[in-house]
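Keep in mind the model is a prediction, meaning the values are calculated, not measured. As the structure lists them, so they are numbered: ligands from 1, and atoms in each ligand from 1. Below, each value reflects all heavy atoms present in this structure, side chains not excepted, and no hydrogens, waters or symmetry copies.
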Amino acid sequence: MLQATSIPQHIAIIMDGNGRWAKSRGLPRAQGHRAGAESVREAIDACKELGVSYLTLYAFSSENWNRPQAEVSALMILLEKFLSSKAADLMRQNVRLQVIGQIDRLPESTRETLQKVIAQTASNDSLTLVLALSYGSREEITAATRKIAQGLLDGCWKMEDITPELLASQLDTAAIPDPDLLIRTSGEMRVSNFLLWQISYAEMVIVDKFWPDFRQGDLFAAVAEYQKRHRRFGSV
Ligand code: IPE
Ligand code: IPE
Ligand code: MG
């Protein structure tokens, strides 16, 4: 049983293990990514049911560009198909789509599909689904630092204006509260360049299943685990 009073406002998920899921079945890696799309649907439905306000999904990292070209292309095509087929559901479910990451690096058709669905869902206001695409936290913090340095050079800011709040306001996540709960599937205990700044006080739950096997019940179980934690934020 989950307590309705302490549902995380923001859940972030590192969706990992698609390749190993496929390999364990003797399938090509792309089949694992395809199967993972179903788990994305389940995660969205579970967040809707719980009344979570933000769900951020790590779908493609800055480092994932280093994968074989064929896998990168398959992922981009899959993403476009997912967005096109999911747009009507997002509208029906009152879900707003947003994106973080270096989207100018995405192929033009992927970017266009993405921007179309973002515009279409812009005034939906139940759940905000944030896709991290071509996202890397170090790149994000570096870009924010550049903007602040430019602001200093231009005289918009003084040295004493540089605070954690100013830096946070220059990140891609400026308008998004920090995650309360960070889930990673496939049992790996690392953050792989994901939201390094924003997860300072997130509770982490590692799920020992490959992402394509992740179901609504697994998300509910992660929230139940979250509700057992005692968040202290450095206090007593
Ligand atoms: C996660 O699964 C999806 C992406 C990173 C795009 P992986 O593709 O990393 O699968 P594993 O970790 O190799 O099994
Ligand atoms: C993290 O998974 C990136 C995404 C889930 C999109 P990776 O599979 O790329 O991370 P590593 O290589 O295990 O650190
Ligand atoms: Mg992986």
Side-chain angles (χ1 to χ4, degrees), residues 10-44 46-47 54-83 85-86 97-107 109-111 113-114 129-142 171-173 176 179 181-199 202-215 218-219 222:
H10 182 174
I11 298 178
I13 308 182
I14 303 175
M15 310 184 289
D16 195 24
N18 294 353
R20 279 163 284 168
W21 180 92
K23 194 174 177 215
S24 72
R25 285 165 172 72
L27 299 168
R29 289 178 60 86
Q31 282 294 113
H33 298 312
R34 212 157 291 140
E38 183 51 36
S39 304
V40 171
R41 286 191 187 89
E42 296 255 343
I44 295 169
C47 285
Y54 294 87
L55 170 64
T56 299
L57 299 176
Y58 202 8
F60 193 84
S61 75
S62 303
E63 289 75 18
N64 290 153
W65 288 115
N66 300 325
R67 293 189 178 193
Q69 179 56 43
E71 181 167 346
V72 171
S73 302
L75 277 165
M76 294 302 150
I77 291 166
L78 186 67
L79 175 66
E80 280 179 46
K81 281 197 183 141
F82 178 82
L83 289 169
S85 69
K86 193 69 186 145
L97 181 71
Q98 293 193 338
V99 69
I100 55 172
Q102 298 175 312
I103 54 161
D104 51 315
R105 294 184 71 184
L106 299 176
S109 60
T110 310
R111 213 166 51 230
T113 309
L114 196 58
L129 171 65
V130 183
L131 289 184
L133 287 173
S134 186
Y135 176 85
S137 196
R138 287 178 171 179
E139 288 73 8
E140 181 191 33
I141 293 170
T142 304
L171 298 173
D172 292 0
T173 52
I176 301 169
L181 169 61
L182 173 68
I183 299 171
R184 182 168 185 149
T185 56
S186 89
E188 306 280 12
M189 307 231 185
R190 56 175 173 263
V191 288
S192 303
N193 203 13
F194 187 46
L195 301 175
L196 301 180
W197 173 279
Q198 298 88 340
I199 60 170
E203 295 295 329
M204 297 182 63
V205 173
I206 307 296
V207 178
D208 215 356
K209 278 186 182 181
F210 297 135
W211 176 249
D213 291 325
F214 190 88
R215 289 292 164 266
D218 297 305
L219 191 135

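- A distance of 8.5 Å separates OG of Ser39 from CG of Asp218, quoted to the nearest 0.5 Å.
- Nearest heavy atom pair, residue Arg41 against residue Ser85, reads NH2-OG, 3.9 Å.
- Of all N, O or S atoms in Asp16, the one lying closest to the Mg ion (ligand 3) is OD1.
- Using a 4.0 Å cut-off between heavy atoms, Arg20 makes no contact with ligand 2 at all.
- Considering all non-hydrogen atoms of both residues, Tyr58 and Asn193 come closest at OH-O, 3.4 Å.
- Taking all atoms of both residues into account, the shortest heavy-atom contact from Leu195 to Pro179 is CD1-CG, 3.9 Å.
- Atoms of ligand 1 lying under 4.0 Å from any heavy atom of His33, numbered from 1 in the order shown and given with element: 3 (C), 8 (O).
- Among all non-hydrogen protein atoms, the one lying nearest atom 7 (P) of ligand 2 is Arg67 NH2, 3.9 Å.
- Side-chain polar atoms of Trp65 and Ser134 form a donor-acceptor pair below 3.5 angstrom.
- Atoms of ligand 1 lying under 4.0 Å from any heavy atom of Ala59, numbered from 1 in the order shown and given with element: 6 (C).
- Scanning all protein heavy atoms for the shortest distance to atom 10 (O) of ligand 1 gives Gly19 N, 2.9 Å.
- Closest to atom 5 (C) of ligand 2 among all protein heavy atoms lies Met15 O, 3.3 Å.
- Looking at Arg190 next to ligand 2, an N or O pair under 3.5 Å apart turns up.
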Report the C-alpha separation of Phe60 and Val72 in whole Å, then their side-chain angles, then the decisive distance to 0.1 Å, and conclude whether the side-chain contact (heavy atoms from CB on, under 4.5 Å) test is met.
CA-CA 9 Å; Phe60 193 84; Val72 171; 4.1 Å; yes
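- Between Asn18 and Pro212, the shortest heavy-atom contact is OD1-CD, 3.4 Å.
- Looking at heavy atoms from C-beta onward, Lys209 lies out of side-chain contact with Thr185 at the 4.5 angstrom threshold.
- Contact annotation: Ser186 has no heavy atom less than 4.0 Å from any atom of ligand 1.
- Below 4.0 Å from some heavy atom of Phe60 lie the following atoms of ligand 2, by number and element: 6 (C).
- Ionic pairing of Glu188 and Arg20 is present here: one or more N-O contacts between side-chain nitrogen and carboxylate oxygen are shorter than 4.0 angstrom.
- Between Ser192 and ligand 2, an N or O atom pair is found at a separation short of 3.5 Å.
- Within 6.0 Å of CZ in Arg138 there are 12 or fewer heavy atoms belonging to other residues, nucleotides or ligands.
- Remark: ligand 1 and Trp21 share no N or O pair separated by less than 3.5 Å (distance only, no angle test).
- For the residue pair Ser137 and Gln198, the shortest heavy atom distance occurs at OG-OE1, 4.4 Å.
- Listed by number with element, the atoms of ligand 1 under 4.0 angstrom from any heavy atom of Arg29 are 7 (P), 8 (O), 10 (O), 13 (O).
- For atom 6 (C) of ligand 2, the nearest non-hydrogen atom of the protein is Tyr58 O, 3.3 Å.
- Counting only heavy atoms of the protein, atom 2 (O) of ligand 1 lies nearest to Asn18 N, 3.1 Å.
- Considering only non-hydrogen protein atoms, atom 8 (O) of ligand 2 sits nearest to Asp16 OD1, 3.1 Å.
- On a distance-only criterion, Asn64 and ligand 1 share no N/O pair closer than 3.5 Å.
- Within the 4.0 Å heavy-atom shell around ligand 2 one does not find Glu188.
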